[in-house]
Amino acid sequence: MHERFSLNTSTGDISYETSTTRAIKFWILLFCQIPSVLCSIFVLYHMVRSRTNRQVLANHVVIAMLGVGVLIITIDLSIALKFLYQGTVNPRSDAFCYTWVYINYILYVSGIYLMAWASIERHFLVFSPQCFRTFRQQLIGHYFPILLCLVYPIVFYIYTISFYPCTQVFNYQRLVCGSPCFKEASFSLNIYDQTMHSLIPCIIIVLFTVALILRVIRHKRRIQGLLFSWKKQHRMVLQLLSIACLYIIFNAPPFFVAGIRATISETFATVEYQIYFLYLFYVLTLFLPFVCLPSLGDVRTKLKALVDTIFRHL
């Protein structure tokens, strides 16, 4: 997570971290990292390997989200853990900071865009599956949006971070080396970044998730038989709801603080934001594979088979 909601840059060079706060976050995140990576690999393996799971269109965006999550956990989080352990960015070089900023910003936006698209697409998959009957319909309405969610952040941040005319000064005492210079040099570009890459996707997730719940309740009561089979569609609905709740829970605190900063006090919860809220995205990503685990179906059998296989090779 980066300082996407930072509206006041006057305190941008101040670090409120202590050796105690760094140590607490380091051990908590490190303790969760390995189980999360293993669970991600387990879920991805069974989703991709199983032809049944692979052919379910609803699983494709989840596979993409888990793929992005694995990159965050193994690369971005590992760099953050090293930063917490040493108390500074190491190596202290612009090239390393540019790389970390690229990874952090691109993966964050890719992940939240995929979740926003999943919230929209799930309505069509549950209530209008005929929209994806032909390969052409799937290509335009299913695969292209997923690809766009992955490519657009790369294009946007390559331009704004590398080519926008501003002087970049990194802070080696801050997570992700501080913020890219375009956020301070251009008010409109900073607002666009905050709005289009955080605020609107989160609003979409909330609105379309709530709308899905209401539609399911209404259709479950009014429509029977072949038009809407709850037993057939409930897994897709529950899969989205569980992941959406995860995103909402861990994105709500930064939005709450950002709203107070924008309307009441620019310095509200500055310390808490820097010490705790910037790391919530890592926690969200760590929990994501565990939330996706029930989507596999017959999880207990798969886990028992995995454990038996491991013990046979010991």
Side-chain angles (χ1 to χ4, degrees), residues 1-6 9-34 36-37 40 67-113 150-186 189-190 193-194 197-198 254 273-286:
M1 185 76 174
H2 39 74
E3 297 183 56
R4 182 170 300 282
F5 301 106
S6 180
T9 59
S10 61
T11 59
D13 293 330
I14 302 175
S15 177
Y16 300 98
E17 287 279 15
T18 65
S19 58
T20 302
T21 59
R22 287 197 302 269
I24 293 174
K25 288 181 292 188
F26 173 82
W27 288 112
I28 292 176
L29 293 173
L30 181 63
F31 179 78
C32 297
Q33 185 185 36
I34 296 177
S36 182
V37 170
S40 297
V68 170
V70 168
L71 294 177
I72 293 173
I73 296 170
T74 56
I75 301 176
D76 188 11
L77 179 57
S78 295
I79 299 174
L81 287 172
K82 184 178 180 181
F83 166 78
L84 289 173
Y85 183 77
Q86 298 183 344
T88 184
V89 176
N90 187 20
R92 299 165 67 94
S93 69
D94 286 356
F96 180 80
C97 281
Y98 272 117
T99 302
W100 192 8
V101 169
Y102 280 132
I103 293 172
N104 184 273
Y105 274 66
I106 289 172
L107 293 180
Y108 170 80
V109 176
S110 295
I112 201 168
Y113 266 31
L150 297 173
V151 173
Y152 164 74
I154 297 175
V155 175
F156 178 83
Y157 286 116
I158 284 180
Y159 166 70
T160 54
I161 295 175
S162 295
F163 298 104
Y164 189 81
C166 60
T167 303
Q168 180 67 61
V169 179
F170 290 113
N171 185 341
Y172 301 124
Q173 306 305 316
R174 300 293 295 273
L175 185 70
V176 200
C177 303
S179 300
C181 62
F182 81 85
K183 295 180 73 65
E184 296 184 11
S186 173
L189 200 55
N190 182 35
D193 182 45
Q194 294 180 15
H197 301 152
S198 290
Y273 185 84
Q274 184 185 128
I275 295 179
Y276 303 111
F277 291 173
L278 289 179
Y279 294 85
L280 288 181
F281 179 62
Y282 291 126
V283 180
L284 184 161
T285 310
L286 289 168

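The analysis underlying the following values was restricted to heavy atoms, covering all of them including side chains, and did not include hydrogens, waters or symmetry mates.
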| Would a distance-only check, ignoring hydrogens and angles, find a side-chain to backbone donor-acceptor pair under 3.5 Å from Ser36 to Cys32? | no
| said: If we ignore hydrogens and angles and just use 3.5 Å, is the side chain of Gln168 paired with the main-chain N or O of Ser179 as donor and acceptor? | reply: yes
| Any side-chain heavy-atom pair of Tyr279 and Leu175 under 4.5 Å | yes
| query | Does any non-hydrogen side-chain atom of Thr160 lie less than 4.5 Å from one of Pro180? | reply | no
| query | So do the side chains of Tyr159 and Val155 get within less than 4.5 Å of each other, counting heavy atoms only? | reply | no
| Does a sphere of radius 6.0 Å around OH in Tyr164 hold more than 12 heavy atoms from other residues, nucleotides or ligands, not counting ones at 6.0 Å or beyond? | yes
| Between CD1 of Ile154 and OG of Ser110, what distance do you get to the nearest 0.5 Å? | 6.0 Å
| task | Calculate, to the nearest 0.5 Å, the distance between atoms CG and CG belonging to Leu77 and Leu30 respectively. | result | 8.5 Å
| request: Using the six-membered ring wherever Trp is involved, compare the ring planes of Trp100 and Phe96 and label them parallel, tilted or perpendicular (cut-offs 30° and 60°). | output: tilted
| query | What is the distance from atom OH of Tyr108 to atom OH of Tyr282, rounded to the nearest 0.5 Å? | reply | 12.0 Å
| request: Mind telling me whether Phe182 and Tyr157 have parallel, tilted or perpendicular rings, with 30° and 60° as the class edges? | output: tilted
| Ignoring hydrogens and geometry, is there a side-chain-to-backbone donor-acceptor pair from Thr88 to Tyr172 under 3.5 Å? | yes
| message | Side chains of Leu84 and Leu29, heavy atoms from C-beta outward: is any pair under 4.5 Å? | response | yes
